[in-house]
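Please read the structure below before turning to the comments.
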There are 2 protein chains.
Amino acid sequence: MATMKDISKKANVSLSTVSAVINQSAYVSPELTKRVTDAIKELNYRPNAVARSLKKKSTETIGVIVTDILNPFYPPMIKGIEDVAFDHNFNVILCNTSNEHNRISTYLELMLEKQVDGLLLANIATSADLNEIEKTGLKYVLINRKPPFYDKNFVGINNTLSSELAVNHLVRQGYKRIAFFGGDLKINTARERRSGFISCMMEHGLDVDPKLVFEGEYSLDSGYNNVKKMLMEVEQLPEAICTVSDVVAFGVIKGLRDAGIRVPDDIAVMGNDNSAFSEHFLVPLSSVDHSSYEMGKLSMELLLQVIKEKEAMADRQIILTPSLVVRESCGVNRNT
Amino acid sequence: MATMKDISKKANVSLSTVSAVINQSAYVSPELTKRVTDAIKELNYRPNAVARSLKKKSTETIGVIVTDILNPFYPPMIKGIEDVAFDHNFNVILCNTSNEHNRISTYLELMLEKQVDGLLLANIATSADLNEIEKTGLKYVLINRKPPFYDKNFVGINNTLSSELAVNHLVRQGYKRIAFFGGDLKINTARERRSGFISCMMEHGLDVDPKLVFEGEYSLDSGYNNVKKMLMEVEQLPEAICTVSDVVAFGVIKGLRDAGIRVPDDIAVMGNDNSAFSEHFLVPLSSVDHSSYEMGKLSMELLLQVIKEKEAMADRQIILTPSLVVRESCGVNRNT
DNA sequence: ATGAAAGCGCTAACAT
DNA sequence: ATGTTAGCGCTTTCAT
């Protein structure tokens, strides 16, 4: 690989002149400019970003940490991040923890050593984890999940509202006895969606049967297993099931079908997330769209701002508004 | 951020001693070792990988270029890559071209400048593209797709066999008039799957109606649109449709349903890829598994070998064997 | 066993 | 307008 030194020799100019034409950081006479650009072409020169980074203390690289790229919620988010990174000549180092929580620390160390300009994190839900991030001193923005009392840079959605949209739809369809299949209450999104469900039910004057409110995880298995549990423990089944996420709804529908219960004929099922292919699921899933692509995009744009500002800028929390997506899993309006 | 210099001062030793204890590259007396490690802890020192990379000419970073992370075929592959990278303290820069072919060149330049140690490419199907890669001089291995006559490092699957497995299954189910919904014939996987289909049909003594062999793309829309086309142009519909990929099958099933045709009752549909959630699709899709996670894993392992060998090692082509996955979309055996 | 010093490829302050 | 030079943080010969 040719270096700037090679160019300067070939073009018979100084190093700083080469640097000046490459970075257009100072006026260079057309004469010398041509000699330099010619040499660059001839030697097929490419600047060495590592050397530049060492000098400039910036790598134009960011780290993205997610829990599980296999969860269909994340690919659009990652695509959103990558798209804006690409537009700004930034690169994205993908860190996929595969739900192994202790991988986070290792990734953080690696990112620190690699001198990334910033971090995008989609799986920080506890103060302990946040603390680890803060200790790195890196610039960062949190996506989707956040610890209690967190008031710094963040891009997420209105989770309470997402449940409300879901419940409203179910109520409009005429369902009254509605179950909630939730997630891990250590995660704010799970807490907020759960409380949105409960408060919205109350708002409608509907009872929430505690036996019909389940905790779980953001996984298909969780939905499946909770259905089994419900079938065992609950005497009177619900008319509808409101879930914390599409993958959970997938598991719920699978569990229901395995038990010979038809969706939506016997029980309606509502998703939340609007994952890819939910439209084409066993029974096309009604859901609430969270535009995770948009979240990715906005978080990267925010991070770029944070990186580029010289003095610390005021923190921002961007909360997107979810929207209802009606398909078939909650049947047609029973009131009309 | 503390540097090695800070450590050497604090511990009152030379730079090379600090380096020696960090890299365990030379014997250092217990006495000095302790002083150094203490200083490292006290100053919370982290080695600067950028500086190290500049000196060592290796970044422990690789670039991964894929066409579209939204295609469910890729996340498992990326996860496989990332998992073995993680085990070797390598980082993965994700390059998602979003099917914009001209993004490839830009990514290649960026990867060159960033001095990645190697490249994993899942979308190189033409000699022209391969040429671009070769010009970078970077080490690389191709995944899944490859240009004609390519005989270098590669990890893929036996595409011909994947079609044969599909056809065999359909024939076993009693179908005789079988259509093929293919992909872009510029891509070897599409060509091989198509020719596997045709030869296997012949093997069974079955006619291939040219009007029932479609070209297309690896996308849902392609399957959907080709169904429309078929419905318009073909007088006698097929009993079964063999597709080049699950996403195409998704589109096919959607198109069929929209036209009031039931799957598998009226027409059977066979996937190929076994994407995530195919199991939970509108009608659970019978498919052929390609273990894209395994492909990712093996390709990264191969790349690491290539990177670590001093002298050029013999090229390797790893061809995985696909396996049939029977679900519901091709009905039950009509012969029994 | 430890230290001094050169140099990886670049940028930027300074000198001319 | 162009060139000289120091230095980013590290590794690695070469002395001692």
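All values below come from the heavy atoms of this structure, side chains included, with hydrogens, waters and symmetry mates left out. The structure displayed is predicted, hence computed values, not measured ones. Every chain is numbered from 1 and lettered A, B, ... according to where its sequence line falls, protein lines coming before strand lines.
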* **Nearest-angstrom distance from the residue atom CG of B:Asp6 to P of D:dG9** => 8 Å
* Do A:Asn159 and A:Arg145 have side-chain N/O donor and acceptor atoms under 3.5 Å apart? -> no
* OP1 or OP2 of C:dG9 sitting under 4.0 Å from any side-chain N/O of B:Lys57? -> yes
* **Nucleic acid contacts of residues 12-32 of chain A, taken as heavy-atom distances under 4.0 Å to DNA chain C** => A:Ser16, A:Ser19, A:Asn23
* Interatomic distance where NZ belongs to A:Lys56 and P belongs to C:dG9 [whole Å] -> 19 Å
* Give a yes-or-no answer on whether the side chains of B:Tyr150 and B:Ser127 include a donor-acceptor pair shorter than 3.5 Å. => no
* **Distance-only side-chain donor-acceptor flag, B:Lys114 / A:Thr61, under 3.5 Å** => yes
* When the distance from CD of B:Glu60 to C1' of D:dC10 is rounded to whole Å, what number comes out? -> 14 Å
* Can you find a side-chain donor-acceptor pair between B:Ser14 and B:Thr17 that sits under 3.5 Å? -> yes
* Expressed in angstrom and rounded to an integer, what is the separation of B:Met4 atom CE from D:dG9 atom C1'? -> 8 Å
* To do: For A:Arg52 and D:dG7, give me the distance from atom CZ to atom C1', rounded to whole Å.
  => 17 Å
* Mind checking whether B:Leu298 and B:Leu320 have side chains closer than 4.5 Å, heavy atoms only? -> yes
* To do: With the side chain counted from C-beta on, respond yes when A:Ile133 and A:Asp129 share a heavy-atom pair under 4.5 Å apart, and no when they do not.
  => no
* Asked: If you fit an axis to the five pairs at each end of the helix from C:dA1-D:dT16 to C:dT16-D:dA1, how big is the angle between those two axes, to 10 degrees?
  -> 50°
* To do: Specify whether B:Tyr107 and A:Phe86 have parallel, tilted or perpendicular ring planes, treating 30° as the upper limit for parallel and 60° as the lower limit for perpendicular.
  => tilted
* Structure fact -> dist A:Thr3:OG1 -> A:Ile7:CD1 (nearest 0.5 Å) comes out at 7.5 Å
* To do: Find the distance B:Lys5:NZ to C:dG3:C1' and express it as a whole number of Å.
  => 15 Å
* Structure fact -> DNA chain D nearest-nucleotide lookup for A:Lys55 and B:Tyr45: closer to the 5′ end is A:Lys55
* To do: Return yes if a side-chain donor-acceptor contact under 3.5 Å exists between B:Ser53 and B:Gln115, otherwise no.
  => no
